[in-house]
Asks: 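Sharing a structure below in C-alpha cells format, with a few things to ask.
Below, all heavy atoms of this structure are taken into account, side chains as well, without hydrogens, waters or symmetry copies. Note that ligands are numbered from 1 as they come in the structure, with each ligand's atoms numbered from 1 the same way.
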Amino acid sequence: MVKFITISEAMQKGKGKVAVRGWVYRERGSNKLKFIVLRDHTDVIQCVLKRENFEDQWKDIDSLQIEASIEVEGTIKEDKRAPSGYEISVSKINVVGKSNEFPINKDLNEELLGDRRHLWLRSRKMSSAMKIRSTVMFALHEYMHKNGFTEIEAPSLSGASSEGGSEVFELNYFGKKAYLTQSWQFYAENFIHSVGKAYAMAPSFRAEKSKTPWHVTEFWHFEVEGAWMDLEDDMKIAEESIVYAIKKVLKENKKDLDVLGADISFLKKIKSPFKRITYEEAVKTLQNNGHKIKYGDDFGSAEERGLAKYYGDNFVFVTNYPLELLKFYHGEDLKKPGTGTNFNLLAPGVGEMVDGSQREPDLKKIVERLKKAKIDLGASDWYLDSRRYGSVPHAGFGLGLERFVAWICGFKTIKDAIPFPRTPTRLNP
Ligand code: 4AD
Ligand code: MG
C-alpha cells in the first residue's frame, strides 16, 4: 500500500517518489499532455501527465473537471514556473470521484456564492480563513485555561430573554414562548460564585435586521466573567487573550495569512497593553476630527472605526460611557459619577470588538436602574440571586469571534469569518 502524504509534506521532501491526493484545482491540457493543479488542505501542486504513459486511462484523465478527487503517484521536483514552485511528474493516477461542472466561477455575485457556500468553503480563501478561526478559538481556550478560568456552558434556549430589547429571537417551545440566547452573561454572573473565574465560547443570537458587514444573526461569543475582578483586570484579560491568539496565528498560520494577503507586519506590531481613553476624551477626539457628535451620543460604526484610526490605527479601549447609554448591570464609576465602569474595545477597520464592564454589585442600585429603564426582569429574576446571596465585585466581557477573525484576516465583512453565516436574508445552506 502506498503511503499518501500531504502536498505540503511532498514539497518539503522536494525530490524523489511521492504519493498525494486531493481535488483538481485547475486543469488544462493538449492532445499529449495534461496539467492538473492539485489541491489538498495544505497547499496546491502542479501535476503533469503524459498521454503516452496513460493511453488506457486517457479518456478519463482528459475529461477530468475541477473539483474531481484524485490520487497520484509520481516524482516531485522543483519547478519555478509551477504555481507553488514544485511539479509532480505523474506515473500513476486513480480517479476517486468525478465531478460535475463546478458551479462556482469567477463571475459569481455574493448572493450566488451564498447559495453555494458549502462548495465555496473549498476555496483557498475560505479554507485559510477557517483554519485561522480554529487557531484563534483554540488559543482563546488555551489562554483561559492557563489563567485559571473554568469553561462552563449555558443553554441556548431560555424561557426569558437575557439582554432584552427587540433583538431577541422568539420561538415556540411546546406551546410556550422561548428565546434564543443573546449572551451567556446572566448565567456567568451566577456561576462565578461557584467556579470563581469562568468563560465560554458559544453561539449568541441577535434578531438584528441590520445588514452591516459586521453583523450576523448567529455569532460565536467568547465571554468571560470573574469574581473579584475589577475593570482593569477585565481589560487586561481581554487584551492579553487577544494578543495571545494573534501570536499563535502568526506562528501556526503563516501560509494561511499568506494566501489571504493579510498584513503580517501589522499583526506583529500588536502588543498589550492597548491604549485606554475615556468616552469623554473619545468625544473630543471625534469632534476634532470633524464628527458631528456631542457628549451623551452613542457611537455609530463610523465613530468607532474612526477612533481606532485616530489612535494610531491600533486597538483602543474606550471606558466610562455615560450611564444612560449602558445596561442596568454595568457598574457606576464612583470616581467619575454618572459614568460606567465599562469599556468597549475598538479595532481598526472593524469598530466594536469587545464589550465589557465591572458589574454593579449592589442589588438596590440595580433595582433602581431597572425601574428607571422600565425593565421587568420577569422570569429572569433569578439573575439577581447573584446579588442576593453573597454579592461580590466582579467583571466580564464578550468578544465577537467573527469580528476578531475578520480583523486578523483583513476581511471587509465577518461573513467570511464564519463557515455558514446567518443573516436576515440567509438561512441556507
Ligand atoms: O456588546 P454585546 O451585545 O455585549 C454583550 O452581549 C455582553 N453581555 C457581553 C458580556 O459582557 N459578557 O456583544 C458583545 C460582542 C460585541 O462587542 C461584538 O463583538 C459581538 O459581541 N457582537 C456581534 N458580532 C456579530 N454579529 C452581531 N450581531 C453581534 N452583536 C454583538
Ligand atoms: Mg456592545
Side-chain angles (χ1 to χ4, degrees), residues 133 136 140 144 149 152 154 158 161-169 180-192 197-226 229 231 234-235 237-238 241-242 279 298-301 303-305 308 315-319 321 325-331 340-347 349-360 380 383 386 394-408 411 413-418 421-424 426:
R133 178 186 165 100
V136 169
L140 294 174
M144 298 319 283
F149 285 77
I152 185 162
S158 178
S161 70
S162 51
E163 302 266 323
S166 55
E167 298 161 359
V168 55
F169 283 110
L180 288 178
T181 188
Q182 295 166 295
S183 167
W184 157 99
Q185 183 187 330
F186 277 24
Y187 292 92
E189 285 188 62
N190 279 272
F191 293 153
I192 54 168
K197 300 200 285 183
Y199 82 96
M201 181 75 77
S204 279
F205 302 87
R206 303 283 166 98
E208 281 167 314
K209 279 248 170 77
S210 52
K211 279 201 208 150
T212 83
W214 305 103
H215 289 85
V216 282
T217 51
E218 177 177 4
F219 69 97
W220 280 72
H221 209 168
F222 171 55
E223 293 192 89
V224 172
E225 198 73 34
M229 271 171 44
L231 181 63
D234 202 32
M235 291 194 285
I237 297 289
S241 57
I242 287 169
Y279 168 90
D298 211 350
F299 299 147
S301 61
E303 283 77 31
E304 287 173 346
R305 267 182 270 160
F315 284 112
V316 57
F317 279 116
V318 183
T319 66
Y321 283 62
L325 295 179
L326 298 177
K327 299 237 163 91
F328 65 89
Y329 52 71
H330 293 293
T341 47
N342 82 298
F343 73 83
N344 270 2
L345 177 67
L346 311 179
V350 174
E352 179 189 327
M353 200 173 95
V354 191
D355 186 317
S357 67
Q358 186 174 334
R359 318 303 190 186
E360 177 53 62
S380 284
Y383 162 70
S386 58
H394 63 287
F397 66 79
L399 173 152
L401 187 83
E402 288 75 21
R403 292 192 186 178
F404 185 23
V405 172
W407 174 83
I408 291 178
F411 290 158
T413 168
I414 57 171
K415 281 183 260 171
D416 287 337
I418 184 165
R422 291 287 169 262
T423 69
R426 172 66 60 191

Asks: Heavy atoms under 4.0 Å from ligand 1: which residues qualify?
Replies: E163, S183, Q185, R206, E208, W214, H215, V216, F219, H221, E223, Y329, E352, M353, V354, D355, R359, F397, G398, G400, R403, I414
Asks: Which atoms form the tightest heavy-atom contact between S241 and F397, and what is the distance?
Replies: OG-CZ, 4.4 Å
Asks: What's the shortest heavy-atom distance between E208 and T217, and which atoms?
Replies: O-CG2, 4.0 Å
Asks: Checking R422 side chain against V216 main chain: does a donor-acceptor pair fall under 3.5 Å?
Replies: no
Asks: What protein N/O/S atoms lie closer than 2.8 Å to the Mg ion (ligand 2)?
Replies: E352 OE2, D355 OD2
Asks: Testing the 3.5 Å rule here: is there a donor-acceptor pair between the side chains of E223 and S183?
Replies: yes
Asks: Any heavy-atom pair between the side chains of F222 and F404 that's under 4.5 Å?
Replies: no
Asks: Can you check whether H330 reaches D355 side chain to side chain, under 4.5 Å on heavy atoms?
Replies: yes
Asks: In the structure I gave you, are the side-chain heavy atoms of E352 and W214 within less than 4.5 Å of one another anywhere?
Replies: no
Asks: Look at the rings of Y279 and F299 and say which category their plane angle falls in: under 30° parallel, 30 to 60° tilted, over 60° perpendicular.
Replies: parallel
Asks: What heavy-atom pair brings W407 and V350 nearest, and what distance separates the two atoms?
Replies: CB-CG2, 3.7 Å
